[in-house]
Each structure stands twice: as C-alpha cells, then as structure tokens.
Amino acid sequence: MTQDELKRAVGQAAVDYILPHLYADSIIGVGTGSTANCFIDALANVRHQFAGAVASSDASAKRLRDHGIDVFDLNSTGNLEFYIDGADEINGVLEMIKGGGAALTREKIVAAAAKQFICVADESKCVKQLGAFPLPIEVIPMARSYIAREVVKLGGDPVYRQGVVTDNGNHIIDVHNLNITDARALEQQLNQLPGVVTNGLFALRRADVLLLGTAAGVQTRTVG
Ligand code: 5RP
C-alpha cells in the first residue's frame, strides 16, 4: 500500500470509530494536514449524521465547508467528544510531535477541549524516541531570536521557518537535534519561555487512541 492509501484507510477508520457515538447535535474537532484531510474527506460521506466541526486551521475549515460541513467557533460550542488529527511523530505512549503544518496552537487548543484525542497516522510516524522530526515552536515574532538563543542552551539547533506566518500571525522555529527523554518536562519548560505561544510536543495532552495504518491493515492502539 502507498502512504496515501494508508492515510485514506486511517481517515475512514476514524469515521468508523466515531460514527456509532455521533448524534444530530454532535460537533467534531478536526485537525490539520494530509492525514486529517483524508479524515475530512471520509467524514463528508456521513455529514448528515452530525451537526458540524471545529477546525484547527483555516485550511481545514475551508476543506470542511467545501464538503458542506458546518464549521463552528470553539467559543460557541461546549467541550467536544472527539478530536481527530495526524502527527509528525508518535511514540509508544502516544506522545506526539505536531506542527509540521504550522497549525500546532489551534490543534493544541481543540485537543485540550476534547474528551478523546484520536490520532490518525501511517506507520512511518511511529518512533521509539521523539525528536528526529524537528520540534516546531510557534513564537511571537519579536521573541524569535531570544527564543532561538534559549533553545540553543537546551541543546537544540533552531531553524527559522522562513516565509511561514501562522493562522495566528506568528512565526515558527523548528528545533533540530533535541534529545527528548522526558517529553512532558520539555513541553512545560518550553512553555515557560516568554514569547513561546505553543510548542509542538503533545505529551501533557497526548492521544488517547492511535489508528495506525499498516500494510496489514489499520491497528488500534491505546495506552493502558
Ligand atoms: C499540522 C500537524 C499535522 O498533524 C502533522 O504535520 C502531520 O501531517 P500529515 O498528516 O500531513 O503528515 O501537526 O500542524
């Protein structure tokens, strides 16, 4: 199976997973990226069975609307039952690095407001230790160089993602070569730096379920 076929398989698997729990007034949290897009495309086939979605990016909001799915502001909904999104890396305890698509802040907000985070990924995203994928940090523009210097003190090699402005009007630093042995501690440490909006570690709020696309089919993984 190609990587695209695996992404489509997990997108459909996520719809199958949530469908028995959807009601006419259900609002679903929806992530960003090529795997989340496959979920959105599969969701379109059942769009009359729920009320709509909260999107984690302008791009996902447009794709949802293009499919005829209503998009709600998180301020107008209560907490959500499900958040479905991809990952750049995911480890054995379902901690992730996210933000390759620069949507990490809204992703973290919608994930926090959801009872269940369902990660959809193909097996290329599975790692023993997070950090081979450069860790994205969304920063207030004036803090970019300061935060880069602080990240060097932590042993990382920061690279400014040139030309990218997030949906929130901020910049992204991608941090290479971090030795991430305690993802929760590093997530908290980076959050303390003035000017950091969000970092791409999703460890404090990790996934509850991983729907993993493999050549042998979609596997469901949880942490006990
Ligand atoms: C966007 C993200 C995505 O979930 C992550 O980059 C994975 O994307 P893809 O499914 O295209 O590999 O965090 O900010």
Side-chain angles (χ1 to χ4, degrees), residues 1-15 28-43 53-64 74 80 82-91 94-114 116-127 130-139 159-161 163-176 178 180 183 187 190 196-214 218:
M1 274 175 112
T2 66
Q3 196 178 23
D4 282 348
E5 287 169 335
L6 293 177
K7 288 177 183 185
R8 280 197 289 277
V10 292
Q12 182 59 53
V15 171
I28 302 159
V30 175
T32 298
S34 56
T35 318
N37 282 346
C38 291
F39 169 69
I40 294 171
D41 295 348
L43 197 58
V54 170
S56 65
S57 64
D58 293 343
S60 289
K62 179 178 183 317
R63 196 176 187 98
L64 286 159
L74 186 62
L80 310 170
F82 298 107
Y83 178 64
I84 296 90
D85 199 358
D88 297 302
E89 284 185 345
I90 184 161
N91 68 15
L94 308 192
E95 297 168 337
M96 296 161 282
I97 285 182
K98 292 181 45 55
L104 60 166
T105 297
R106 296 189 189 189
E107 291 173 343
K108 207 174 264 197
I109 293 167
V110 186
Q116 268 201 74
F117 185 148
I118 300 165
C119 179
V120 281
D122 64 83
E123 55 192 344
S124 71
K125 306 294 183 64
C126 284
V127 296
L130 299 173
F133 190 92
L135 177 65
I137 305 180
E138 179 167 354
V139 301
V159 176
Y160 171 36
R161 204 184 291 181
V164 171
V165 176
T166 70
D167 287 349
N168 314 305
N170 297 315
H171 292 173
I172 298 283
I173 297 172
D174 292 305
V175 187
H176 296 247
L178 282 170
I180 305 176
E187 182 176 357
L190 291 170
V196 167
V197 179
T198 315
N199 71 80
L201 282 169
F202 283 60
L204 298 167
R205 202 286 175 254
R206 60 188 176 174
D208 300 295
V209 178
L210 167 62
L211 297 176
L212 183 69
T214 76
V218 176

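Reckoned from all heavy atoms, side chains included, excluding hydrogens, waters and symmetry mates. All ligand and atom numbering here is 1-based and tracks the order in the structure.
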> With sequence neighbours excluded, tell me which residues meet side-chain hydrogen bond (donor to acceptor under 3.5 Å, both in side chains) with Glu138.
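Residues passing side-chain hydrogen bond (donor to acceptor under 3.5 Å, both in side chains) with Glu138: Thr105, Thr166, Asn168, Asn170.
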> Any idea which residues sit under 4.0 Å from ligand 1, heavy-atom distances?
Thr32, Gly33, Ser34, Thr35, Asp85, Gly86, Ala87, Asp88, Lys98, Gly99, Gly100, Gly101, Ala102, Ala103, Glu107, Lys125
> With under 30° as parallel and over 60° as perpendicular, where do the rings of Tyr160 and His171 fit, or are they tilted in between?
tilted
> Applying side-chain contact (heavy atoms from CB on, under 4.5 Å), name anything that partners Ser34, two or more places apart in sequence or on another chain.
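For Ser34, the residues satisfying side-chain contact (heavy atoms from CB on, under 4.5 Å) (neighbours in sequence not counted) are Lys7.
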> What residues, two or more places apart in sequence or in another chain, satisfy side-chain hydrogen bond (donor to acceptor under 3.5 Å, both in side chains) together with Asp208?
Arg205
> Is it true that Asp58 and Arg106 have a side-chain N and a carboxylate O under 4.0 angstrom from each other?
yes
> Are Lys108 and Phe202 side-chain neighbours, meaning at least one heavy-atom pair lies under 4.5 Å?
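Side chain of Lys108 against side chain of Phe202, heavy atoms only: contact under 4.5 Å found.
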